[in-house]
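Worth saying up front: this structure is predicted, and the values here are computed from it rather than measured.
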Amino acid sequence: MSRWPFLITLSVSFHVAIVSALDNGLGQTPPMGWLAWERFRCNVDCDNDPKNCVSENLFKEMADHLVSDGFLDAGYNYVNIDDCWMEEERDPDTGRLVPDRKRFPNGIKSLASYMHERGLKLGIYEDYGNMTCQNYPGLYGHEETDIQTFADWGVDSLKLDKCHRPKSPAIVNEGFKNVSRLLNATGRHILYTCEWPAKVTQSNYQMIAKYCNTWRVHSDIQDSWDSVIATIDYTAANQDVFSSVSAPGSFNDLDMLVIGDFSLSPDQSKTQMAMWCILASPLLMSNDLRGISDWAKDILLNKEVIEVNQDSLGAMGKKIIKQVETNTEVWSKPLVNDSQAVAVFSRSTSVPQTVHLTLHQLGLNSSTFYYIRDLFEHKTLGRYSKDDIISVTVNPGGVVMLRASLTSPDYLYLSHFLYVSNQPAILSLCLLFIIVFCLHKIYLEQRYTRLYTRVILQGIPPVWSQKET
Ligand code: GLA
């Protein structure tokens, strides 16, 4: 950790909580990207299913889509390999892990270069046990070799699982800490994403946050609404503990986004996106980017919603209101500049529910006004004082996501739009407008200078209808 003293200095000025987080300077906001597991699992049958098997081609194709479809521009920059990438045996001479020769013929180093050439990062998976969850060689007993191998290959992130781990929790705790130290000792910036606390009820999250950039808090997400709801509920039940350790450099990981897969409706997909953003979870999609629908893409690329997730405060939101009569919940997340993000989420299974709220109920008590913006509708609803009532209507399983700011969003969102919208045509038009405006101003000034010379200094009366020569 002493390798980057400048980062320690920098981090102190950002946020006090960062001091307690892993100080590798990474994950200052929740990591974003793509992860193979939920969608592609351990499909190693490239003979019969070449398009969907876990192979370098799959990761390259996803990388190409991240770049060409605007995901990289929106912040999704990690491409993460999960289980089942390696041969069943280590190299007998070096003791190193070997990528599956048939499915990764060019090796991981070449795949990492492929990502880096496109502005992406490559993540890899291992397990602090004798074997991975799918029975490939584990890292236990090979810690130094494996971590150095990942660094040599140019890997940018490690997901460390814990199937087949040693029985003693003390050994597991020391093991996860040791890997953190080894990662830092390589001198390569490798994001450390831990499964250390997953499925353990009494984890010491303060300790985990000191060693990991992110950590999985709940069991594996599945492509189902029930699974999304179970993850939200588990997080709500532990929200005080989880929110106390959420900070730049250390985030609770709710597992992958399943938006764009088979089971979530558009409303449910908005809910997963909104909640993962409110809860400051990593945004790691596990879907097939080669064929996702336009509506799913729009949800995943919603920059105003992503901005809530990427807020530099790094705070995790909490459930603050539960309305039994409408079966709705209100969640809120503090943002920089005394702003706040709010998600009104409906668990109703009948009809859209209308919820009435005052800002005061959301803990917003400034004596001035708040500007309220709807982040899925991309509309500013207006200016509200703390006792004014805001009414929103939420579809079953759906969400309305708002942002309350003290500064007028008209200016904020115009500049935001120009800055991040990645619309060269609009930017060019604005530039052209500014140039024409300046030229026109110069022309007028010259014209009036000439008039002044003629009328005042030479005494010639002005002829407004004619061009003066
Ligand atoms: C565990 C993890 C999953 C995935 C699989 C791979 O179940 O929790 O996220 O990595 O192992 O085998």
Side-chain angles (χ1 to χ4, degrees), residues 15 29 74-75 243 267 270-271 273-280 298-299 301-323 325-326 328-346 348 352-395 398-423 426-427 429-430 433-434 437:
H15 198 278
T29 58
S243 62
D267 275 307
K270 281 184 189 169
T271 298
M273 188 71 186
M275 295 307 293
W276 265 231
C277 290
I278 287 273
L279 295 167
D298 283 350
I299 293 171
L301 290 174
N302 185 327
K303 286 177 175 155
E304 293 194 60
V305 173
I306 291 173
E307 210 171 71
V308 169
N309 176 266
Q310 295 290 299
D311 184 81
S312 59
L313 212 54
M316 184 190 115
K318 290 189 191 183
K319 177 158 79 178
I320 55 167
I321 299 171
K322 184 174 170 60
Q323 269 197 0
E325 61 286 8
T326 53
T328 55
E329 293 170 359
V330 181
W331 293 69
S332 100
K333 174 187 195 308
L335 305 173
V336 284
N337 300 326
D338 294 321
S339 298
Q340 193 161 303
V342 176
V344 185
F345 157 48
S346 169
S348 166
Q353 301 291 332
T354 299
V355 177
H356 309 284
L357 292 166
T358 63
L359 293 175
H360 174 68
Q361 284 177 291
L362 301 172
L364 294 169
N365 288 310
S366 165
S367 51
T368 57
F369 293 99
Y370 288 91
Y371 296 88
I372 306 295
R373 177 131 178 120
D374 184 322
L375 304 186
F376 279 110
E377 294 298 318
H378 304 294
K379 251 185 4 209
T380 302
L381 304 184
R383 207 175 69 147
Y384 293 79
S385 71
K386 66 182 166 54
D387 296 316
D388 290 339
I389 291 176
I390 304 169
S391 301
V392 292
T393 301
V394 199
N395 292 343
V399 75
V400 169
M401 195 170 178
L402 306 172
R403 181 183 184 118
S405 334
L406 288 166
T407 329
S408 164
D410 300 332
Y411 164 71
L412 261 181
Y413 281 93
L414 177 66
S415 57
H416 164 83
F417 181 66
L418 293 178
Y419 180 63
V420 296
S421 62
N422 187 30
Q423 308 235 14
I426 293 178
L427 277 174
L429 269 177
C430 290
F433 175 77
I434 292 167
F437 179 79

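Surrounding NE2 of His360 are at most 12 heavy atoms belonging to other residues, nucleotides or ligands under 6.0 Å away. Counting non-hydrogen atoms of other residues, nucleotides and ligands closer than 6.0 Å to CG of Asp338 gives a total of 12 or fewer.
Closest approach of Pro334 to Met316, counting heavy atoms only: CD-O, 4.5 Å. Of all the heavy atoms in Ala404 and Ile372, the pair that sits closest is CB-CD1, 3.6 Å.
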- Query: Do Val400 and Asp374 pass the side-chain contact (heavy atoms from CB on, under 4.5 Å) test, and can you show the C-alpha distance, the side-chain angles, and the key distance before you say yes or no?
  - Reply: CA-CA 7 Å; Val400 169; Asp374 184 322; 3.9 Å; yes
- Verify side-chain contact (heavy atoms from CB on, under 4.5 Å) between Glu307 and Leu375, making sure each step is shown before the conclusion. CA-CA 10 Å; Glu307 210 171 71; Leu375 304 186; over 6 Å; no
- Message: Using side-chain contact (heavy atoms from CB on, under 4.5 Å), reason through Ile390 and Thr358 one step at a time and then give a plain yes or no.
- Response: CA-CA 6 Å; Ile390 304 169; Thr358 63; over 6 Å; no
- Query: After noting the C-alpha distance and the side-chain angles of Thr29 and Asp311, does the key distance pass the side-chain contact (heavy atoms from CB on, under 4.5 Å) rule?
  - Reply: CA-CA 7 Å; Thr29 58; Asp311 184 81; over 6 Å; no
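Thr368 and Ser366 share a donor-acceptor pair across their side chains, judged by distance under 3.5 Å alone. Checking Ser346 against Gln353 by side-chain atom types alone, no donor-acceptor pair falls below 3.5 Å. Side-chain atoms of Ser391 and Thr354 include no donor-acceptor pair closer than 3.5 Å.
Every residue meeting the side-chain contact (heavy atoms from CB on, under 4.5 Å) condition with Ala274, not counting sequence neighbours, appears here in chain and number order: Phe376, Val399, Met401. For Lys386, the salt bridge (charged side-chain N to carboxylate O under 4.0 Å, His left out) criterion is met by no residue, not counting sequence neighbours.
Residues Ile320 and Trp331 have side chains not in contact (no heavy-atom distance under 4.5 Å, counting atoms from C-beta outward). With a 4.5 Å cut-off on side-chain heavy atoms, Val330 and Val342 count as touching.
Here the side chain of Lys333 pairs no donor or acceptor atom with the backbone of Lys318 at under 3.5 angstrom. With hydrogens and angles disregarded, a donor-acceptor distance shorter than 3.5 Å links the side chain of Asn302 to the backbone of Val305. Between the side chain of Gln323 and the backbone N or O of Glu329, no donor-acceptor pair lies under 3.5 Å.
Salt-bridge formation is detected for the pair Arg373/Glu304: a Lys NZ or Arg NE/NH1/NH2 atom is positioned less than 4.0 Å from an Asp or Glu carboxylate oxygen.
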